[in-house]
Visitor: 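Have a look at this one before I ask anything.
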Amino acid sequence: MENLLRTGIREAVRSLYGKDASDDQLQIQKTRKEFEGDLTLVAFPLASLSQRSPEKTAGEIGEYLAAHLDAVSGYNVIKGFLNVTIAPAEWARTLQEISGVTRYGFMVPGPEAETVVIEYSSPNTNKPLHLGHIRNNLLGFSLSRICEAAGNNVIRTNIVNDRGIHICKSMVAWQKFANGATPATTGKKGDHFVGDYYVLFEKQLREEAEKLIAAGATPEEARDNAPLMQEARRMLVKWEAGDPDTVSLWQMMNSWVYEGFDVTYRALGVEFDKIYYESDTYKVGKEIVLRSLGEGHLVRRDDGSVWIDLTADKLDQKLLLRSDGTAVYMTQDLGTAVIRYNDYHFNRHIYVVGNEQNYHFQVLALTLLRMGYDWAGGLHHFSYGMVELPEGKMKSREGKVVDADDLIAEMTETATVMSQELGKLGGYNETEKRNICRQIGLGALKYYILKVDPRKNMTFNPAESIDFNGNTGPFIQYTYARIRSVMKKAGETGVKAANETVGGVIPNLKEVSVIKLLNDFPALVREAATGMSPALIANYCYELAREFNQFYHDFTILGESDEMLRSFRLRLSEMTGKVLESGLWLLGIEAPERM
RNA sequence: GGUUCCGUAGCUCAGUUGGAUAGAGCAACAGCCUUCUAAGCUGUGGGUCGAGCGUUCGAGUCGCUCCGGAAUCACCA
């Protein structure tokens, strides 16, 4: 519709003023609610072409359009704005057109489609997932679906930080204090089980350190010299040396954690195509660094440590290998990137990682480029903001973290209570009830997190997140369920949306509003992919649901006696349902048939 | 201190490449179920878009300065 108008205006300008308007002189936008019309041409930029005032220009173009374009049924000029009214019948034809499109809004990857690797989640194996990971997982997974919908080949990937001092701490504590307990003997979820020993380690360490401080040590010395800490370090050295007992303990405890993570991932509904482990990739990283050193891209200091000098790019010098030859964080990320490129030859690689690591990813991409890996130009850091609580930042040291599993359980529980109170669960068996409440609880949680611009820090207010009214996931799910209910009833009574008649209706204002939104969907998906913003999809779904609910409230669908109109409204509802379902799908939110 | 990001209604957030009188939800108050699902719909009140200067026909949006907050600048990850 917009393109139609665009060419029309271009013709008008040529015919009226004998000049060609450039793309950025043709500013078309949606007409604001308080004015009459559908699309608005901003005439200010054209005034220089027409040599007339913006008002006069707008008026002349409006007159031309009304005379030459069938789709244009009227216009008005306010200041320098030309508000064009599209004939309502034109919108009916639009509905007919888009409802014939298979997988509306989703592009099929063509031969020239890009391969996009998306890394998200990236947990440490010493403790369970928390609220921060939830934002990461939801953003990453949603983004992966959005990129797919925009016509890319997407590889979902995860990097598990399975080695290092943190897991050694849990291992030491388990060895000393567990008496052979396992998740199986205690009935505890594996990641929580291992996390408990990490916490226990820190607690015992604190006690040891306090004794040393009392004996005159500085806090730093105390932590460093405490027997437990030294034991953890010995453990790490043994691990790196490949000591069989240590390695098998490490494998056992990590396997417990993975079992736990799997449960959480399944509950969240996120998936991966390929999982990488840092215990594999750090070695490749070291090789790459050493090779690059040989090629003269890096510098070795007297103490043997290896650095890259990025001062020419206004960054600092960055350590790539310690003086003892061991790898740092950057080393393994270099390795992981190279392995992934060899695996997939991606065009783009998106890292979904918090904004605290902005600097790290700048350095990562630059370093790879310096080393001669040109594909590193396709590395993007999808940097999202922190999640804070109403009382401030989450602090794992003080136990002020929101556990992922707890949160999911609470949301589901709230949904169950709420559904019961509203009497929504009649006619369901237990399995169905549980499933529907799970869908709603998770829908609320996911939407609450995804509706916020990813770049911004956000406040997670527990009381607000379980609200199911207004701008929430359940509101959108509810709208979808309502539509399904209508469709079901239509099927039962044999009413059908006859496509050939849909385009012949003159829709009312509310109906036009809905169609306009439906018409926006494909462009919005592309925009969300380019801008890497699930929030765009979320807010669109809300707007569409709200607009549809108004229509639903004001007009009857199945009760309409005019057959053509009833058919049209049914098709409008069906299409809205499809788009809502697609939008929710892109957010990783399930759309319940009934609620 | 350097770099980056953020600041919009009491609270949580939208606000397209600069466009008209800055929008939702929550909370508060007042209405609407004999009807396709009231997890809905309608209405009322609520703003110095952190402050100032500049660019522009036009600035919440762009530039500069300042104020406030966050992150980062590790032989941590």
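Naming: A, B, ... by sequence-line order, numbering from 1 per chain.
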Visitor: Side chain of Arg482(A) only, heavy atoms from C-beta on: which candidate in rC36(B), rA14(B), rA38(B) is closest?
Guide: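 Nearest listed nucleotide: rA38(B).
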Visitor: Using a heavy-atom cut-off of 4.0 Å across all strands, would you classify Met595(A) as base, sugar-phosphate, or nothing?
Guide: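 Touches a base.
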Visitor: For nucleotides 6-10 of chain B, print each protein N/O atom paired with a nucleotide N/O atom at under 3.5 Å, atom names and distance only.
Guide:
{"unit_1": "rG7(B)", "atom_1": "OP1", "unit_2": "Lys456(A)", "atom_2": "NZ", "d": "3.2"}

Visitor: Between rC41(B), rA77(B), rA39(B), which one does the side chain of Asn124(A) approach most closely?
Guide: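 Nearest listed nucleotide: rA77(B).
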Visitor: From C-beta outward on Asn539(A), which listed nucleotide comes closest to its side chain: rA14(B), rA77(B), rG19(B)?
Guide: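 Comparing rA14(B), rA77(B), rG19(B) against the side chain of Asn539(A), the answer is rA14(B).
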Visitor: If you check every side-chain atom of His553(A), which of rG40(B), rA39(B), rC36(B) has the closest atom?
Guide: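 My answer, after comparing the listed nucleotides, is rG40(B).
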Visitor: State whether Tyr282(A) and Arg163(A) meet the cation-pi test: NZ (Lys) or CZ (Arg) under 6.0 Å from the six-membered ring centroid, and within 45° of the perpendicular axis.
Guide: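 Because its charged atom sits under 6.0 Å from the ring centre and within 45° of the axis, Arg163(A) does stack over Tyr282(A).
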Visitor: Check every strand shown and say whether Gln357(A) touches a base, only sugar-phosphate, or nothing at a heavy-atom separation below 4.0 Å.
Guide: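 Gln357(A): base contact, heavy atoms under 4.0 Å.
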Visitor: Need one value for Asp24(A): base, sugar-phosphate or nothing, where a base atom within 4.0 Å counts as base even if backbone is also close, heavy atoms only.
Guide: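 No contact.
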Visitor: With a 4.0 Å cut-off on heavy atoms, is Val328(A) in touch with a base, just the backbone sugar-phosphate, or nothing at all?
Guide: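 Sugar-phosphate contact only.
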Visitor: Before accepting this row, confirm whether a basic side-chain N of the pair Glu55(A)/Lys79(A) lies closer than 4.0 Å to the acidic partner's carboxylate O.
Guide: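 No, Glu55(A) and Lys79(A) are not salt-bridged.
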Visitor: Across the strands shown, which category fits Tyr359(A) at heavy-atom distances under 4.0 angstrom: base, sugar-phosphate, nothing?
Guide: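 Here Tyr359(A) touches the backbone only, sparing every base.
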Visitor: Nearest whole angstrom, please: distance from the P of rU17(B) to the CD1 of Ile28(A).
Guide: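 Rounded to the whole Å, the gap is 16 Å.
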Visitor: Looking across every strand, which nucleic acid part, if any, lies under 4.0 Å from Asp333(A) by heavy atom: base, sugar-phosphate, or nothing?
Guide: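 Since no nucleic acid heavy atom lies under 4.0 Å of Asp333(A), the category is nothing.
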Visitor: Check if the side chain of Thr40(A) and the base of rA20(B) share a donor-acceptor pair of N or O atoms closer than 3.5 Å.
Guide: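 By the distance-only test, yes, there is a pair.
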Visitor: Would you mind classifying the nucleic acid contact of Ile440(A) as base, sugar-phosphate or nothing, using non-hydrogen atoms under 4.0 angstrom?
Guide: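 Contact class for Ile440(A): base.
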Visitor: Expressed in whole Å, how much space separates the C1' atoms belonging to rC49(B) and rC62(B)?
Guide: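 Comparing C1' positions in rC49(B) and rC62(B) gives a spacing of 16 Å.
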Visitor: Is it the case that the ring center of His380(A) lies less than 6.0 angstrom away from the ring center of Tyr351(A)?
Guide: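 No: the rings miss the under 6.0 Å criterion.
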Visitor: Any stems for RNA chain B, made of 3 or more Watson-Crick or G-U pairs in a row, each with both distances under 3.5 Å?
Guide: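 The stems that RNA chain B takes part in, listed by first number, are B:1-7 with B:67-73, B:10-13 with B:23-26, B:28-32 with B:40-44, B:50-54 with B:62-66.
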Visitor: Taking the six-membered ring for Trp, are the ring centroids of Phe468(A) and Phe475(A) within less than 6.0 Å of each other?
Guide: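 Between Phe468(A) and Phe475(A), the centre distance exceeds or equals 6.0 Å.
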Visitor: rC13(B), rA20(B), rG40(B): which one has an atom nearest the side-chain heavy atoms of Phe475(A)?
Guide: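 So the nucleotide nearest the side chain must be rG40(B).
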Visitor: Return yes if some donor-acceptor pair links the side-chain N/O of Tyr552(A) with the main-chain N/O of Ser573(A) below 3.5 Å, else return no.
Guide: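 Not at all, since once roles are kept as given, no pair shorter than 3.5 Å links the two residues.
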Visitor: Looking at rU37(B), does its base get a donor-acceptor pair with the side chain of Lys424(A) below 3.5 Å?
Guide: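 Answer is yes: a donor-acceptor pair is held.
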Visitor: For Asn457(A), report the nucleic acid contact type (base, sugar-phosphate, nothing); a contact means any heavy atom under 4.0 Å.
Guide: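 The answer is sugar-phosphate, as Asn457(A) gets under 4.0 Å only of primed atoms, P, OP1 or OP2.
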Visitor: Side chains of Asp162(A) and Ser279(A): any donor to acceptor distance under 3.5 Å?
Guide: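 Yes, side-chain donor-acceptor contact under 3.5 Å.
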Visitor: How about Arg10(A) and Gln25(A): does a side-chain donor come under 3.5 Å of a side-chain acceptor?
Guide: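 Note: Arg10(A) and Gln25(A) side chains miss the donor-acceptor criterion.
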Visitor: For the side chain of Thr556(A), counting heavy atoms from C-beta on, which of rA77(B), rC36(B), rA20(B) is nearest?
Guide: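 Nearest to the side chain of Thr556(A) among the choices is rC36(B).
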Visitor: With heavy-atom distances below 4.5 Å as the criterion, would you say the side chains of Ser170(A) and Met253(A) are in contact?
Guide: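 Answer yes - side chains close enough.
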Visitor: Tabulate protein N/O versus nucleotide N/O from nucleotides 22-25 of chain B, keeping only pairs under 3.5 Å, one per line.
Guide:
{"unit_1": "rG23(B)", "atom_1": "OP1", "unit_2": "Arg32(A)", "atom_2": "NH2", "d": "3.2"}
{"unit_1": "rA24(B)", "atom_1": "O2'", "unit_2": "Tyr542(A)", "atom_2": "OH", "d": "2.8"}
{"unit_1": "rG25(B)", "atom_1": "O2'", "unit_2": "Asn471(A)", "atom_2": "N", "d": "3.3"}

Visitor: For nucleotides rU48(B) and rC57(B), find the distance between their P atoms and express it as a whole number of Å.
Guide: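 Those two atoms are separated by 29 Å.
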